[in-house]
Amino acid sequence: MDHRKLAELLFPDVDRTPEDYEKIYPARDLPEGALVTRLAPSPTGYIHLGNLYGAMVDERLAHQGGGVCYLRIEDTDEKREVEGAVPVLLDVLSYFGINFDEGACKAGTPGSEPVPFEAGAAQRGAYGPYWQSMRSGIYKACVKKLVAEGKAYPCFMTEEEIADIRAAQTAAKLDPGIYGEYARHRDLSLEEAERRLAEGQEYVIRYRSEGDPSKYFTVRDAIRGELSMPQNIQDVVILKKNDLPTYHFAHVVDDHFMHTDIVIRGEEWMASLPIHEQLFGAMGWEIPLYCHTTSLMKIDEATGQKRKLSKRKDPELGLSYYKELGYFPEAVREYLMTILCSDFEEWRIANPDKDYNEFTFSPDKMSDSGTLFDINKLNDVSKDVLARKSAAEIYDFMLGWAEEFDKDKYALLKDNRDMLLKVFDIDRGGEKPRKDLVYAQQIFAFIKYFFDETFEYESEWPAEVSAEDRKEILRRYAESYDPADDNSAWFEKVRGITADMGYAVKPKDYKKNPEMYKGHVGHVSGVIRIAVTGRANSPDLWTIQQIMGREKTLARIAKAAEA
RNA sequence: GGCCCCAUGGUCAAGAGGUUAAGACAUCGCCCUUUCACGGCGGUAACCCGGGUUCAAUUCCCGGUGGGGUCACCA
């Protein structure tokens, strides 16, 4: 069997060899220790927290050592593609602080060239193209070489034939797949292949596996150390009918020619390591260092079991979900960092004011078991992040968020800048800022009583205070209220009303002798608090009134007195 | 089912052959206070099971069990 002839027959137009590409894509000139990483998504238009999680590892590992982080688009499956997915992907990642040095980018990026088929997208860098659909020639050169060496062959089996084989294997409790005797076309004669080709029969190219399942190989994983598994025996497809490679082959070729140092990908890829190890070996290339990140999990409501995040079942874990709720991107990042790296949280406590990029990220500190997504923890991290923000930063963020997601709120926020800066400044700054702001939607709900448009009574009036007393309290309060009073002078007056009306000035007195009083100062204050803010809980009332001003405060009191 | 990964409180997790087995979130209680989702103090709560190695194992080894992943011309 003349394999060279077969290769020529299959790829008459391919005149370049892998050696030629070796020269086109020489080793990168980077400082010692700098790593090349990559994010290689398929353009499905959907990104969830788990994807961001992986992207952060790529970004940090490359950039903390002066390396390169590039974006490669794995668009070898037309069925999954979504129009315009790449610019959206770039926007979302950039929003969360992930930016690339090379590869797919937005149209108009300096030094980039447009890609013909995706509006708004472009690419830059010396190791492209960065869309796999544009790299067909490179893959074919590599496949041709394998065919010429007898390491790959055309397989003409139909889908039905393969399905039948699988059914028979399943019935006989054998491992399913195309291997050994089931790889019926691995030793087709040249004449037979020629004949089928002449007939126009469709085919794929499979790798001819010489693997021995009793033999084990090892690869290094940055998180788990040495990984050991049996050699692959499957004759996997490397070139599909659409003339593009499968993931397995594209991964091997691209990460070789693009000089990726460390392949960061989800742990679901670990199972295909035998294929990748084999393919790297077949091409005579060095295998990269892998970093298989654990999946983000959630408890499935239906089964009560832990499971991997799924794009179909879990829209609430999509990145856009957090953007719409108005989480600060830093909050999401910091949360991901805390679950990604076991030493991050401690570092953050020790360095509350540093940029998270100053943290040194090391793969061996990364989690090696699936992590359950925890919204409580996210919220807690978010509170800490917002506590470090200035009032102006929070205002600006809120404004940007409302502009995109809630026009009504946008108008309110825009028209009340001065007031809101004061609102966001309540108990802010200093050693122990308030930690009650979580995300834009929650923040708005939290401060909505400052606007007449959104004010409403959310709490019940204190049960200790009768309706008549309530009106009397409010009447006296309105009479005595003077915005010029400082906090203690103001509260003295509240105490005065409290005592006059038969309530205990000290809550402890009331607790000791409940029969002697109608209630205590807390109940009286509660009436005023609800009148002004609509709720029983709020930050310091005096401060709130100072911000609202005399007119609005008295209007609220009057309104409540009528209620 | 085969192969692979994983296994410390409800959650995220540190940890070493001998420890009172950290810390964070959640939860509970108390305190502060006119209220609080703020703050302070404290509490409840964990090494999956069985063998082996060892003076000693939660830690190392083996085997179970449990959970997860994967077995496509999808990535």
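Computed from a predicted model, the values in this text were never measured in an experiment. Every chain is numbered from 1, with letters handed out A, B, ... down the list of sequences.
Contact annotation for A:M366: no contact, since no heavy-atom pair falls under 4.0 Å across all strands. Contact annotation for A:V494: no contact, since no heavy-atom pair falls under 4.0 Å across all strands. A:R348 comes within contact range of no nucleotide atom at all, as no heavy-atom separation falls under 4.0 Å. Within the nucleic acid shown, A:S369 comes within 4.0 Å of sugar-phosphate atoms alone, with no base atom in reach, counting heavy atoms only. Looking at heavy-atom distances under 4.0 Å, A:N242 makes no contact with the nucleic acid at all. Residue A:K365 is classed as a sugar-phosphate contact, given heavy-atom separations below 4.0 Å to backbone atoms only. Contacts of A:G522 with the nucleic acid, taken as non-hydrogen atoms under 4.0 Å apart, involve only primed sugar atoms and P, OP1 or OP2.
In this structure, CZ of A:F217 is placed 14 Å from P of B:rC3, rounded to the nearest angstrom. The CZ atom of A:R206 sits 6 Å away from the P atom of B:rC73 (whole-angstrom rounding).
When the side-chain nitrogen and oxygen atoms of A:S538 are compared with OP1 and OP2 of B:rU35, none of them lie within a distance under 4.0 Å. A sub-4.0 Å separation between OP1 or OP2 of B:rA13 and a side-chain N or O of A:T371 is present. Considering only side-chain N and O atoms, A:S367 lies under 4.0 angstrom from the phosphate OP1 or OP2 of B:rA13. Of the side-chain N and O atoms in A:T76, one or more sit less than 4.0 angstrom from OP1 or OP2 of B:rA75. Side-chain nitrogen and oxygen atoms of A:R224 include none within less than 4.0 Å of the OP1 or OP2 phosphate oxygen of B:rC6. Within the structure, every side-chain polar atom (N or O) of A:K506 is placed at least 4.0 Å from both OP1 and OP2 of B:rU34. Within the 4.0 Å cut-off from OP1 or OP2 of B:rC4, at least one side-chain nitrogen or oxygen of A:Y216 is found. When the side-chain nitrogen and oxygen atoms of A:R529 are compared with OP1 and OP2 of B:rC36, none of them lie within a distance under 4.0 Å.
The pairing partner recorded for B:rG2 is B:rU70, the criterion being a Watson-Crick or G-U wobble arrangement whose two distances lie under 3.5 angstrom. Figure legend. B:rU27 is base-paired to B:rG43; pairs are counted as Watson-Crick or G-U wobble with both atom distances under 3.5 Å. With both pairing distances under 3.5 Å, B:rA75 is matched to nothing as a Watson-Crick or G-U wobble pair. Nucleotide B:rU34: unpaired (no Watson-Crick or G-U wobble partner with both distances less than 3.5 Å). Base pairing of B:rA13 is not made with any nucleotide, judged by Watson-Crick or G-U wobble geometry with both donor-acceptor distances under 3.5 Å. Look at B:rU59: it lacks any Watson-Crick or wobble partner with both distances under 3.5 angstrom. When both pairing distances are held under 3.5 Å, B:rU65 makes a Watson-Crick or G-U pair with B:rA7.
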Protein-nucleic acid N or O pairs under 3.5 Å, nucleotides 24-26 of chain B:
unit_1	atom_1	unit_2	atom_2	d
B:rA24	O2'	A:E345	OE2	2.6
B:rA24	O2'	A:K377	NZ	2.5
B:rA24	N3	A:K377	NZ	3.4
B:rC25	O4'	A:K377	NZ	3.4

_Derivation and outcome, side chain to side chain donor-acceptor pair (under 3.5 Å), residues A:Q278 and A:S209_ = CA-CA 8 Å; A:Q278 190 173 50; A:S209 174; 2.8 Å; yes
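A:D436 is not listed as a side-chain neighbour of A:K383, based on a closest heavy-atom distance of 4.5 Å or more.
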Cut-off 3.5 Å, no hydrogens considered: what does the side-chain donor-acceptor table look like for residues 211-219 of chain A, sequence neighbours left out?
unit_1	atom_1	unit_2	atom_2	d
A:D212	OD1	A:S214	N	2.8
A:D212	OD1	A:S214	OG	2.7
A:D212	OD2	A:S214	OG	3.2
A:T218	OG1	A:E226	OE1	3.4

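Under the 4.0 Å criterion applied to side-chain N and carboxylate O atoms, A:E210 and A:K151 are not assigned as salt-bridge partners.
Judged purely by distance below 3.5 Å, without hydrogens or angles, the side chains of A:W490 and A:Q545 pair a donor atom with an acceptor atom.
Every residue two or more places apart in sequence or in another chain was checked for a salt bridge (charged side-chain N to carboxylate O under 4.0 Å, His left out) with A:D540, and none qualifies.
If you check B:rA14, B:rU34, B:rU35 against the side chain of A:S342, the one that comes closest is B:rA14.
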